[in-house]
There are 2 protein chains.
Amino acid sequence: MTTLMVADDHPLFRDAIGAVIAAGLPGTRLLEADSLARAMQEVERHEEVLDLLLLDLNLPDAEGLDGLSRLRDAYPALPVAILSAEQDRRTVLAAIEMGAVGYIPKSTPRGDLLAALRQLLGGQLYLPPQVMRRPPPAHPAPAVTAAPPDSRLARLTGKQLEVFELLSRGASNKGIARELDVAETTVKTHVSAILRKLGVASRVQAILLAGELDLARYRADRRSD
Amino acid sequence: MTTLMVADDHPLFRDAIGAVIAAGLPGTRLLEADSLARAMQEVERHEEVLDLLLLDLNLPDAEGLDGLSRLRDAYPALPVAILSAEQDRRTVLAAIEMGAVGYIPKSTPRGDLLAALRQLLGGQLYLPPQVMRRPPPAHPAPAVTAAPPDSRLARLTGKQLEVFELLSRGASNKGIARELDVAETTVKTHVSAILRKLGVASRVQAILLAGELDLARYRADRRSD
DNA sequence: GACGCCCTCCTCCCTTGGGAGGAGGGCCCT
DNA sequence: AGGGCCCTCCTCCCAAGGGAGGAGGGCGTC
């Protein structure tokens, strides 16, 4: 089952989102929060099953992108999309650079909203059409499309990638140690570093992430450089 | 990296297999064993990275399918393919029913052998063409193509499937307990049963298996029954 | 009604996983 | 020569995972 959460302080708006989802994404559970604090409480309780958090930028206890920042710090692996009335180009790009997986203007038509949600739940980035169409005038779009997916992998060192490969195939720390002929404590050090760099909390999460990231292809690419 | 093992008591034959693999599956590591006992020793050491074991049916310490039986008992999750001079139809079917993922006659031409190995490493079943072409005369092919992949899932009870779904999405036992509103000990009971029925040793292995088994589709199918 | 299966939950016990913190050696670059 | 990064390994500590074994209640079948 798909679970998503909307954090917005306007009950009517939450209801509207709920209606759109009920109509267009049947079987989806919607959690609601009217403040960042309450949102984080809910995330704490449902983190494992939460697929996407829609975050308003005008919550009473979070000014602008500050709320996103705090969420990213607390739950680096949780997909967060911004849902906002503002459409300022720099705000959108800043949100993406802070790790948001999407930015949905509140003015988005019903049909487009559904498409955006489906796209986000499918693991794709979503940006408002205006931003997508018109590449930035000054800078050449600082890592909006390319960097997010594999930037995390790029931060891994060579040995860490080796460990990650074995880890993602289900090997235990002990098994990895045997395979690479190092001490198990060394493997644990590598694993800790990998989890930290990937922003996940357990090897299980790392394995799921490896599936999404197409680790095998990345390693092949890197080797052929 | 792909790792496979050949267990055969003829050194020359092992060499021949090695040559075929070196030529057709570059980057593949080949482990060798000249007896079932030695094979099991090697499996013990490399289980996490071993992708396929090619088992001869005429090993000095294993008569016919007995070796397969012992391997299946000890390592239910290890893919084992039979490599044999015999081509008796009943032997082939018996091997598949015992959980072998394939049966390769030693008379298989070089090119076909490579194709068979690729197919097996890709997770597909491989049977000698004679058997594949001509369906059994008496019985209607007792579960050769359909049963092996999902028979394990079919053994799970309803609650176990629910737990498996959450587990496969990375949820911890505690998270599953919250989500299903039962005690964590109950979840542990379910998880133990799931691991046993799937023939895997850890939740991590179960998650990887879920990816191969297309769990989501299975659940949908079962619900729509 | 007795049996079996499922779901629930418990205790006891051990292994594995992961974090914190420290430490030494190799290698590269300035 | 010094600094920085990587790899290696250690100890101490705690949380999570998993097995063994037992137990009670619900529900359907024979």
Side-chain angles (χ1 to χ4, degrees), chain A residues 44-45 47-49 73-77 152-210 219 222, chain B residues 44 47-48 73-77 152-210 219 222:
Chain A
E44 190 64 43
R45 289 181 51 216
E47 192 181 7
E48 285 90 354
V49 297
D73 283 347
Y75 308 101
R152 294 197 293 240
L153 276 184
R155 297 176 55 200
L156 297 185
T157 66
K159 212 62 180 181
Q160 285 163 8
L161 260 186
E162 278 187 65
V163 171
F164 188 27
E165 160 109 41
L166 291 168
L167 183 160
S168 70
R169 291 172 56 182
S172 65
N173 288 342
K174 191 178 299 186
I176 297 172
R178 268 202 305 265
E179 186 67 15
L180 299 183
D181 197 27
V182 295
E184 189 180 343
T185 55
T186 303
V187 175
K188 291 175 75 173
T189 305
H190 288 315
V191 170
S192 290
I194 292 167
L195 299 185
R196 188 165 25 80
K197 289 185 179 177
L198 295 184
V200 296
S202 71
R203 75 196 294 109
V204 160
Q205 302 286 343
I207 289 173
L208 293 172
L209 192 59
R219 287 201 70 196
R222 196 191 256 206
Chain B
E44 191 63 46
E47 192 180 7
E48 285 90 354
D73 284 347
Y75 308 101
R152 294 197 292 240
L153 277 183
R155 297 176 55 198
L156 298 185
T157 67
K159 212 62 180 181
Q160 285 162 8
L161 259 186
E162 278 187 66
V163 171
F164 189 26
E165 161 107 42
L166 292 168
L167 182 159
S168 70
R169 291 173 57 184
S172 64
N173 287 342
K174 191 178 298 187
I176 296 172
R178 269 202 305 264
E179 186 68 13
L180 298 183
D181 196 29
V182 295
E184 190 179 342
T185 55
T186 303
V187 175
K188 292 175 75 172
T189 304
H190 287 315
V191 170
S192 290
I194 292 167
L195 299 185
R196 187 164 29 78
K197 289 185 179 178
L198 295 183
V200 297
S202 72
R203 73 195 295 108
V204 160
Q205 301 286 344
I207 290 172
L208 294 171
L209 193 58
R219 286 201 72 198
R222 197 191 257 208

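Just so it is clear: chains get the letters A, B, ... in the order the sequence lines come, proteins before strands, and each one is counted from 1. As the structure is a computational prediction, the values presented were derived from the model and not from experiment.
Rounded to the nearest 0.5 Å, atoms CG (A:Leu167) and CD1 (A:Ile176) are 5.0 Å apart. Residue A:Leu195 holds its CG atom at 13.0 Å from NE2 of A:His190, rounded to the nearest 0.5 Å. Taken to the nearest 0.5 Å, the OG1 atom of A:Thr185 stands 8.0 Å off from the NZ atom of A:Lys188. Atoms CD and OG1, from B:Gln160 and B:Thr189 in turn, are 10.0 Å apart once rounded to the nearest 0.5 Å.
Distance alone, capped at 3.5 Å, places no donor-acceptor pair between the A:Glu162 side chain and the A:Lys159 backbone. Counting only distance, with no hydrogens or angles, the side chain of B:Ser168 and the backbone of B:Phe164 share a donor-acceptor pair below 3.5 Å.
Protein atom CG of B:Leu195 is 18 Å distant from nucleotide atom P of D:dA16, rounded to whole Å. Between the C1' atom of C:dG17 and the CG atom of A:Leu166 lies a distance of 17 Å, rounded to the nearest Å. Distance, B:Leu198 CG to D:dG19 C1': 17 Å, rounded to whole Å. Rounded to whole Å, the distance from CD on B:Gln205 to P on C:dG17 is 11 Å. Computed from coordinates, the B:Ile194 CD1 to D:dG19 C1' distance equals 15 Å when rounded to whole Å.
Sorted by first and then second residue, the salt bridge (charged side-chain N to carboxylate O under 4.0 Å, His left out) pairs involving residues 170-182 of chain B (not counting sequence neighbours) are A:Arg29-B:Glu179, A:Glu48-B:Arg178.
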Distances under 3.5 Å only, N/O to N/O: pair up the protein atoms with those of nucleotides 26-30 of chain D.
none

What are the atom names and distances for every N/O pair under 3.5 Å that joins the protein to nucleotides 25-30 of chain C?
none

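Side-chain N/O atoms of A:Ser192 include one lying less than 4.0 angstrom from OP1 or OP2 on C:dG19. Listed pair A:Asn173 / C:dT16 fails the phosphate criterion, with no side-chain N or O lying under 4.0 Å from OP1 or OP2.
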### Summary
Quick tally for nucleotides 6-13 of chain C: nucleotides whose base has a protein heavy atom under 4.0 Å get B, sugar-phosphate-only ones S, the rest -, giving SSBBBB--
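In terms of position along DNA chain C, the nucleotide closest to A:Lys174 lies nearer the 5' end than the nucleotide closest to the other residue of the pair A:Arg196 and A:Lys174.
Counting only heavy atoms from C-beta outward, the side chains of A:Leu166 and A:Leu180 approach each other to under 4.5 Å.
In this structure, the helix from C:dG1-D:dC30 to C:dT30-D:dA1 shows an angle of 40° between the axis at its start and the axis at its end, each fitted on 5 base pairs and rounded to 10°.
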Return a table of donor-acceptor pairs under 3.5 angstrom between the side chains of residues 200-209 of chain A and protein atoms on other chains or two or more places apart.
| residue | atom | partner | partner atom | Å |
| --- | --- | --- | --- | --- |
| A:Ser202 | OG | A:Val204 | N | 3.4 |
| A:Ser202 | OG | A:Gln205 | N | 3.3 |
| A:Arg203 | NH1 | A:Asn173 | OD1 | 2.9 |
| A:Arg203 | NH2 | A:Ala171 | O | 2.8 |
| A:Arg203 | NH2 | A:Asn173 | OD1 | 3.3 |
| A:Gln205 | NE2 | B:Gly170 | O | 3.1 |

### Query
Would B:Val191 and B:Val187 count as a side-chain contact (heavy atoms from CB on, under 4.5 Å) if you check the C-alpha gap in whole Å, the side-chain angles of each, and the deciding distance to 0.1 Å?
CA-CA 6 Å; B:Val191 170; B:Val187 175; 4.0 Å; yes
